[in-house]
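Comments concern the structure below.
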Amino acid sequence: MNIHEYQAKELLRRYGVAVLDGHVAWTPEEAEAAAGKLPGPIYVVKSQIHAGGRGAGRFTNDPDGKGGVRLAKSVAEAKAAAAAMIGSTLVTKQTGPEGKLVSRVYVEAGCDIARELYLSLLVDRDCSRIVIMASTEGGIEIEEVAAHNPEKILKVDVDPATGVSGWHGRKLAFGLGLEGKQVGSFVKFVEAMYKAFVELDCAIVEINPLVVTKAGDVVALDAKVSFDDSALYRHKDLEALRDDTEMDPKELDAVQNDLNYVALDGEIGCMVNGAGLAMATMDIIKLYGSSPANFLDVGGTADSARVTQAFRIITSDTNVKAILVNIFGGIAKCDMIATGIVEASKNLKLSVPLVVRLEGTNVELGKKILAESGLAIIAADNLADAAQKAVAAVKGA
Ligand code: ADP
Ligand code: MG
């Protein structure tokens, strides 16, 4: 789950991470009041969307104008900047061409920047540890640095048994060329970030840029925090930070129905039980020359209600030209699943070709139920057969 910059900064501040003062604003008037509470004379008004690259982004109603992060030299200018952003759609490198609607801005104190650095924490699956990454190349996308100047990315990993220590921070600080009191500020910063990361069960925390101010302080100027969804049950308070308007409506529907769904841009809708089988199904669709419209794991209890919900989400995607059901009946037996598929197809009046491959417990009974349903279900014998039939269906064969 992702959250907005202002929410991330609020959380990080509680752990002692250095951030500037700021206030969220939903209207130009609130932005004016927010700026009024800051010391000035420089304010920064920042569009709040779940995407980076806002500074270099452009609004669809003002393509030649200024970006989604603007400097204001007075309270009135801050209000005007907020008025230009709120209710407008911002397109950045990360939003896709359709952009994202800005419903609120963050009005923050202006910062006297000496250096822009990069810092992030994430889980490195290779070493099964939290890794802290830093770079002197702040303010630009880290993927670009990794592609062109990989030697400029510094990394330390943290042994979970002993946790973070001053050594980790100092190693990175010296690598970044920090000196004097900057080193101490940076070490404290890293320790606070690590504590926040672990206690909040984060998947990634990225500070880009992390700045060194002219006064020598180390401050987070941007903050991206993403939580591990599997741990959200331990953080009921964080769920309130979810911004439903930022999610794909189909994915939101899936979250509310406890389905593992990821929207993709292909044409074959997939309904599968088990994440591994779902991945294999996507791969084989590609192999036979089409592409999946989604990843969907309906889980172990693929009963009629869940199958109906899954079909509803899949078919709400207008790109879907055929559906491939690939279910292994273990605990959920094939006859039960077949009954679910038949009921769901009738309830939803499915209008796209439906290919079904069932395997496992009671498979013969399941196939019989499908065959006798009177529905135009294309039965498949194995995974390759199912994928070929689904691809043939979308290619209009
Ligand atoms: P994004 O990554 O979405 O473009 P950032 O928060 O990183 O948004 O802001 C973009 C740039 O704007 C930063 O690299 C920094 O140069 C400048 N900036 C952001 N916040 C402030 C601030 N409070 N004071 C001064 N400059 C800022
Ligand atoms: Mg940034």
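Counting starts at 1 for both ligands and their atoms, following the listed order. In what follows, every heavy atom counts, from backbone to side chain, and hydrogens, waters and symmetry copies are set aside.
Of the candidates His4, Glu5, Gln7, Gln48 forms a side-chain hydrogen bond (donor to acceptor under 3.5 Å, both in side chains) with just one, namely Glu5. A side-chain contact (heavy atoms from CB on, under 4.5 Å) with Ile341 holds for exactly one of Val356, Thr308, Ile323; it is Val356.
Among protein heavy atoms, atom 6 (O) of ligand 1 sits closest to Lys46 NZ, 2.6 Å. Of the protein's non-hydrogen atoms, the one nearest atom 23 (N) of ligand 1 is Glu108 OE1, 2.7 Å. The nearest heavy-atom contact from the protein to atom 18 (N) of ligand 1 is Leu221 CD2, 3.7 Å. In terms of protein heavy atoms, atom 2 (O) of ligand 1 is closest to Asp222 OD2, 3.0 Å. Protein heavy atom in closest approach to atom 11 (C) of ligand 1: Val69 CG1, 4.7 Å.
Across all non-hydrogen atoms, the minimal contact from Pro292 to Lys286 is CD-CG, 4.3 Å. For the pair Leu383 and Ala280, the tightest heavy-atom approach, listed with the atom from each and the gap, is CD2-CB, 4.5 Å. Shortest non-hydrogen contact noted between Ala18 and Phe189 is O-CE1, 3.6 Å.
The minimum distance between the Mg ion (ligand 2) and any N, O or S atom of Asp222 involves atom OD2.
When only modelled atom types and interatomic distance are considered, His235 and Asp201 share a side-chain donor-acceptor pair under 3.5 Å. A donor atom on one side chain and an acceptor atom on the other are found under 3.5 Å apart for Ser226 and Asn2. Side-chain contact check for Glu267 and Ser290: at least one donor-acceptor pair (N or O, by modelled atom type) lies under 3.5 Å. Judged purely by distance below 3.5 Å, without hydrogens or angles, the side chains of Glu206 and Tyr118 pair a donor atom with an acceptor atom.
The Pro209 neighbourhood of ligand 1 comprises atoms 7 (O), 13 (C), 14 (O), with distances under 4.0 Å to a heavy atom of that residue. When each atom of ligand 1 is checked for a heavy atom of Val44 under 4.0 Å away, the hits are 20 (N), 21 (C), 22 (C), 23 (N), 24 (N), 25 (C). Atom numbering of ligand 1 starts at 1 in the shown order; those under 4.0 Å from a heavy atom of Gly110 are 24 (N). Near Glu116, with a cut-off below 4.0 Å to any heavy atom, the atoms of ligand 1 are 13 (C), 14 (O), 15 (C), 16 (O). Set against the non-hydrogen atoms of Gly53, the atoms of ligand 1 under 4.0 Å away are 1 (P), 2 (O), 3 (O), 4 (O). Under a 4.0 Å criterion applied to the non-hydrogen atoms of Ile113, ligand 1 contributes the atoms 16 (O), 26 (N). Interface atoms of ligand 1 facing Arg54, defined by a heavy-atom separation under 4.0 Å, are 1 (P), 3 (O), 4 (O), 5 (P), 6 (O), 8 (O). The distance from ligand 1 to the heavy atoms of Asn208 drops below 4.0 Å at these ligand atoms: 7 (O).
Between Asp62 and Arg58, none of the side-chain N atoms (NZ, or NE/NH1/NH2) sits under 4.0 Å from a carboxylate O, so this pair counts as no salt bridge. A salt bridge is defined here as a Lys NZ or Arg NE, NH1 or NH2 lying under 4.0 Å from an Asp or Glu carboxylate O, and Arg14 with Glu199 fails to meet this definition.
Considering backbone and side-chain atoms together, Cys111 places an N or O closer than 3.5 Å to an N or O of ligand 1. At least one N/O-N/O distance between Gly55 and ligand 1 falls below 3.5 Å.
Of all the heavy atoms of Thr92, none lies under 4.0 Å from any atom of ligand 1, so neither backbone nor side chain is involved. Only the backbone of Ala109 comes within 4.0 Å of ligand 1, counting heavy atoms alone; no side-chain atom from C-beta on gets that close.
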